[in-house]
Visitor: 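My questions all concern the structure below.
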Amino acid sequence: MSTKPSPRDRLPATDSAWAPLAGRVFRALWIAQLVSNIGSWMQTVGAQWLLVGESAALVTLVQTASSLPVVLLALPSGVLADRYDRRGVLLTAQGAMLAVSTVLAVLAFSDALTPQLLLGLTFLLGCGTALMGPAWQAIQPELVERRHLGEAAALGAMNMNLARAVGPAIGGAVVAAAGAGWVFAFNAVSYLGIAAVLMFWRRPPTQSPPVQRERLLTALQAGRRYVWHAPGVRRVLLRTLLFIPGGAALWSLLPLVASRSLGLGPQGYGVLLGAVGVGAVGGAFLLPAARRSLGANGVLAAGAVVYAGVLVVLATVRVPWLAVVVLLPAGLAWIGVLSTLNAALQTRLPGWVRARGLAVYLLLFQGGQALAAPVWGALADGPGLTFALLAGSGLLLAGAVSVRRWPLHGMEGIDPSPSDHWPVPPLVFVPGPADGPVLVSAEYRVAAGDRAAFTECMDQVARSRRRTGALTWGLYQDGNDAERFVEHYLVASWSEHLAQHHGRLTATDRRHEERARRLLVEGTAPVVTHAFDTAGGPVVPGRQETAVAEQASGR
């Protein structure tokens, strides 16, 4: 498989791996997040080790309990982060996780923590993570410049893995010396740092909100529609889905590798996790050079191959120090793949739907781990731990081979910055926000020699219309006038159409429209009409009945 990068799979050029840390708020949040992540990894060690004497299935259910809430709540959390103040959402999540962690610590200290309570409270902590995830990802473009989003994603991954290098070792030592209650207590205190930074952050004003705040189901539909009609975003999600289930084998089975294969205690398990973290921190330094030499798709393929090789070695090795050494490249591969996918997604999503798009990514990321973990546990209890590790390796190798068939799309022409280039339609009445559906029609005149190129350009325009709110779309050529083309698309309501005018269109959408309009007969412009559903009777402005077709000079 060729890993030589082509222009189509390169991510935006960057200045420095540390550039995002120049921002005061980003830097403060990064440090606070590091402390919180250390607490989370300490808790993971404590929780898994409390269950390691039970069945393999119970141990792997810690991973499921942490990840499953994202499957259930990622999309609603994305809607909340797009509809409400993201800082407020983050503060709410921090408060909830602080409360749950406190309960967990109290129960552990009082020896009242059963496996069922442990998994239940871990699930609640996962709910807090699910609430926080989309909002946390979506504020990154507010903290760093767009050209530094790749570095911000790599620093975020390095943060997690630096915590993985330190937290498990500390957690294992604390569990061995004083018991799991103390790691749960530290995790509870660790949430206070992020909350403090968020409270003192003076968030700059953002773009004006839509004319009418979307309802939950409407917002979910808008997010689903955008992702479905954005090929670049869909491809990032596909690559995520092809990596995560196999990658989850390491995190699910490593406690069993430590206890069964290597005969280690909680401190030794912490060292193994720490080795992955050290490798990931080193990977953050090597990643810019790897992207320059291999390209984004090369990094994805190479990362999956390296990760698969690590699982093969863990399936056969019985020497602790050798396991520590081989886990170093696992961390490098993990950070390389995930930061590449995260950066690719961040640079493709516009602000109005960013949290929802990232929520779908988190859904696949955490959901893949949650659903894969019990499968790996069942395989370890059935055919055996070695078989489970080799199966995970095979799945990763298949994903690496698929990069040639389904690579990430290039970034050429992608600019998600907002573009308010549609004029307000000069209707003769003022529709109410819920009035509709609205049928928007545009007539174009295209010369004979440009018709094939025009219809090809309009394919991109069609995706734009559907991403931003169109329920249906069609382009028709007049049977009596070969130069006349008519575009129709249906939008659910007037407020949805106004959202297209103000907030949803991007510079990329504008570029597609301009490319098509350059092919029109010289001196002509589109003639646009807006027609309202007449099923409810004659128009009553401001109410939900609405009704007549009106001519307008703009969209």
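Keep in mind that the numbers below use all heavy atoms, side chains included, and drop hydrogens, waters and symmetry copies. What you see is a predicted model; the values in this text were computed from it and never measured. Counting begins at 1 with the first residue of the sequence.
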Visitor: When you look at Leu237 and Leu241, which way does the side-chain contact (heavy atoms from CB on, under 4.5 Å) test go after all the steps?
Guide: CA-CA 6 Å; Leu237 299 177; Leu241 191 59; over 6 Å; no

Visitor: Taking only residues two or more places apart in sequence, or in another chain, which ones meet Arg354 in a salt bridge (Lys or Arg N to Asp or Glu O under 4.0 Å)?
Guide: none

Visitor: Is any side-chain heavy atom of Val403 less than 4.5 Å from a side-chain heavy atom of Arg239?
Guide: yes

Visitor: Let's go through Leu75 and Val360 carefully: what are the C-alpha distance in whole Å and the side-chain angles of both, what is the deciding distance for side-chain contact (heavy atoms from CB on, under 4.5 Å) to 0.1 Å, and is it a yes or a no?
Guide: CA-CA 6 Å; Leu75 295 180; Val360 177; 3.5 Å; yes

Visitor: Taking all non-hydrogen atoms of both residues, which atom of Tyr191 and which atom of Ser101 are closest, and how far apart?
Guide: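 Result for this residue pair: CE1-OG, 3.2 Å.
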
Visitor: Would you say Arg235's side chain and Leu408's backbone share a donor-acceptor pair under 3.5 angstrom?
Guide: no

Visitor: Any side-chain heavy atom of Leu345 within less than 4.5 Å of one from Asn342?
Guide: no

Visitor: Where does the angle between the aromatic ring planes of Phe365 and Trp334 fall among parallel (under 30°), tilted (30 to 60°) and perpendicular (over 60°)?
Guide: tilted

Visitor: Side chains of Leu121 and Leu107: closer than 4.5 Å at any heavy-atom pair?
Guide: yes

Visitor: State, yes or no, whether a side-chain contact exists between Phe184 and Leu113 at a heavy-atom distance under 4.5 Å.
Guide: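 Contact flag for Phe184/Leu113 side chains = yes.
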
Visitor: Search all heavy atoms of Gly246 against all heavy atoms of Leu311 and return the closest pair with its distance.
Guide: O-CD1, 4.0 Å

Visitor: How long is the gap from OG1 on Thr386 to CG on Leu379, to the nearest 0.5 Å?
Guide: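 Nearest 0.5 Å value for the OG1-CG distance: 12.0 Å.
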
Visitor: Checking the side chain of Arg86 only, and the main-chain atoms of Ala135 only, is there a donor and an acceptor separated by less than 3.5 Å?
Guide: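 Flag not set: sc Arg86 to bb Ala135 has no pair under 3.5 Å.
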
Visitor: Please round to the nearest 0.5 Å and tell me the distance separating atom CG of Leu198 and atom CD1 of Ile139.
Guide: 6.5 Å

Visitor: Could you go through the side-chain contact (heavy atoms from CB on, under 4.5 Å) check for Leu338 and Ile244 one step at a time?
Guide: CA-CA 9 Å; Leu338 294 190; Ile244 289 303; 4.0 Å; yes

Visitor: Between OH of Tyr307 and CG of Leu397, what distance do you get to the nearest 0.5 Å?
Guide: 13.5 Å

Visitor: Start with the C-alpha gap between Thr92 and Leu131, add the side-chain angles, then the distance that decides, and say whether side-chain contact (heavy atoms from CB on, under 4.5 Å) holds.
Guide: CA-CA 9 Å; Thr92 301; Leu131 177 63; 4.3 Å; yes

Visitor: Examine distances only and state if a side-chain atom of Ser464 and a backbone atom of Gln460 form a donor-acceptor pair shorter than 3.5 Å.
Guide: no

Visitor: Closest heavy-atom contact between Ser261 and Arg318?
Guide: O-CD, 3.4 Å

Visitor: Could you tell me the separation between the CD1 atom of Ile194 and the CG atom of Asn37, rounded to the nearest 0.5 Å?
Guide: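 Answer rounded to 0.5 Å: 7.0 Å.
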
Visitor: Which heavy atom of Leu294 sits nearest a heavy atom of Ala302, and at what distance?
Guide: CD1-CB, 4.2 Å

Visitor: Less than 4.5 Å apart, side chain to side chain, heavy atoms only: is that true for Leu389 and Leu250?
Guide: no

Visitor: For Ala230 and Arg467, which heavy atoms make the closest approach, and how far apart are they?
Guide: CB-CD, 3.8 Å

Visitor: Can any side-chain N or O of Trp136 pair as donor or acceptor with the backbone N or O of Thr129 at less than 3.5 Å?
Guide: no

Visitor: Ser36 and Asn187: which non-hydrogen atoms are nearest, and at how many Å?
Guide: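 For Ser36 and Asn187, the tightest heavy-atom pair comes out as O-OD1, 4.0 Å.
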
Visitor: When you compare the side chain of Leu300 with that of Leu341, does any pair of heavy atoms fall below 4.5 Å?
Guide: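 They are in contact (side-chain heavy atoms under 4.5 Å apart), so the answer is yes.
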
Visitor: Give a yes or no answer on whether the side chain of Arg348 reaches the backbone of Val233 with a donor-acceptor pair at less than 3.5 Å.
Guide: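 Here the side-chain-to-backbone pair does not exist.
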
Visitor: Does the side chain of Val278 reach to within under 4.5 Å of the side chain of Leu328, using non-hydrogen atoms?
Guide: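 Heavy-atom side-chain distance check passes, below 4.5 Å.
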
Visitor: To the nearest 0.5 Å, what is the distance between OG1 (Thr122) and CD (Gln43)?
Guide: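 It comes to 6.0 Å.
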
Visitor: Does the Arg405 side chain pair with the main chain of Val401, one donor and one acceptor, at a distance under 3.5 Å?
Guide: no

Visitor: Are Pro416 and Thr347 close enough that some pair of their side-chain heavy atoms sits under 4.5 Å apart?
Guide: no

Visitor: Going from CZ on Arg356 to CZ on Arg225, what distance comes out if it is rounded to the nearest 0.5 angstrom?
Guide: 9.5 Å

